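Heavy atoms only: backbone and side chains are in, while hydrogens, waters and symmetry mates are out. Nothing fancy with the numbering, it's 1 onward along the sequence. Owing to the predicted nature of the structure, the values given are computational and were not obtained by experimental measurement.
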Amino acid sequence: MALTETTEYDKIEVVGLYKAVQVRKAAVIKKDDVEITRSFERYSLQAGTLDGNDALVDTDISSEPAEIQAVCNAVWTQSVKDAWKANLIADKPA
């Protein structure tokens with residue numbers, strides 16, 4: 001009886017004006033190569049955050065799988081980052 005656990009990134013979606021990248025990660029447990037359970041975790045990545053001087057700090061995606069990094073790098077163009085930064089500044093509390 002061999003139990004194995006694997007992680008699959010089974011959904012990567014780009015949504016919204018500022019190209020948020022939504023990810024669904026599945027933890028799959030198999031017993032003798034037969035799946036017995038699957039659980040999901042979801043998270044979202046944005047192009048960056050503001051520092052104390054209102055400069056955009058790029059989101060660190062270095063720990064993400066290569067396929068997610070590729071999607072982020074493709075959709076987070078400079079114009080998207082500029083628009084996201086402007087949105088973050090506009091939404092700051094007064």
How is the hydrophobic cluster of V57 composed, in terms of its other members, when Ile, Leu, Val, Met, Phe, Trp and Tyr link through side-chain heavy atoms under 4.5 Å apart, directly or indirectly?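 Members besides V57: none; it forms no cluster.
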
Clusters formed by hydrophobic residues whose side-chain heavy atoms approach within less than 4.5 Å: which one holds V15, and what are its other members?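 V15 clusters with nothing; isolated.
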
Hey, what do you get for [atom1] ([X]) to [atom2] ([Y]), rounding to the nearest 0.5 Å?
{"X": "T4", "Y": "K31", "atom1": "OG1", "atom2": "NZ", "result": "12.0 Å"}
{"X": "K19", "Y": "E13", "atom1": "NZ", "atom2": "CD", "result": "13.5 Å"}
{"X": "I12", "Y": "L45", "atom1": "CD1", "atom2": "CG", "result": "10.0 Å"}
{"X": "E41", "Y": "R24", "atom1": "CD", "atom2": "CZ", "result": "12.0 Å"}
{"X": "I29", "Y": "E5", "atom1": "CD1", "atom2": "CD", "result": "4.5 Å"}

Run the side chain to side chain contact (heavy atoms under 4.5 Å, CB included) test on T49 and L56 for me, step by step, so that the C-alpha distance in whole Å, both residues' side-chain angles and the decisive distance to 0.1 Å come before the verdict. CA-CA 6 Å; T49 57; L56 188 69; 5.8 Å; no

Short question: side chain of [X], backbone of [Y] - any donor-acceptor pair under 3.5 Å?
{"X": "W84", "Y": "Q46", "answer": "no"}
{"X": "D60", "Y": "S62", "answer": "yes"}
{"X": "N87", "Y": "A83", "answer": "no"}

Common cluster, [X]/[Y], ILVMFWY with side-chain heavy-atom separation under 4.5 Å:
{"X": "Y18", "Y": "I89", "value": "yes"}
{"X": "V75", "Y": "Y43", "value": "yes"}
{"X": "V80", "Y": "L88", "value": "no"}
{"X": "I61", "Y": "V23", "value": "yes"}
{"X": "L3", "Y": "V28", "value": "no"}

Quick test of your reading: applying salt bridge (charged side-chain N to carboxylate O under 4.0 Å, His left out), list the pairs with at least one residue in residues 62-83, sequence neighbours left out, ordered by first then second residue.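 Matches after skipping sequence neighbours: D58-K81.
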
Salt-bridge test for K25 and D10: reply yes if a basic N is under 4.0 Å from a carboxylate O, no otherwise.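 Judged by the 4.0 Å cut-off on N to carboxylate O distance, K25 and D10 do not form a salt bridge.
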
Derivation and outcome, side chain to side chain contact (heavy atoms under 4.5 Å, CB included), residues T37 and K30: CA-CA 7 Å; T37 186; K30 293 181 180 182; over 6 Å; no

Is it the case that more than 12 heavy atoms not belonging to D54 sit under 6.0 Å from its CG atom?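 Buried by this count: over 12 neighbours within 6.0 Å.
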
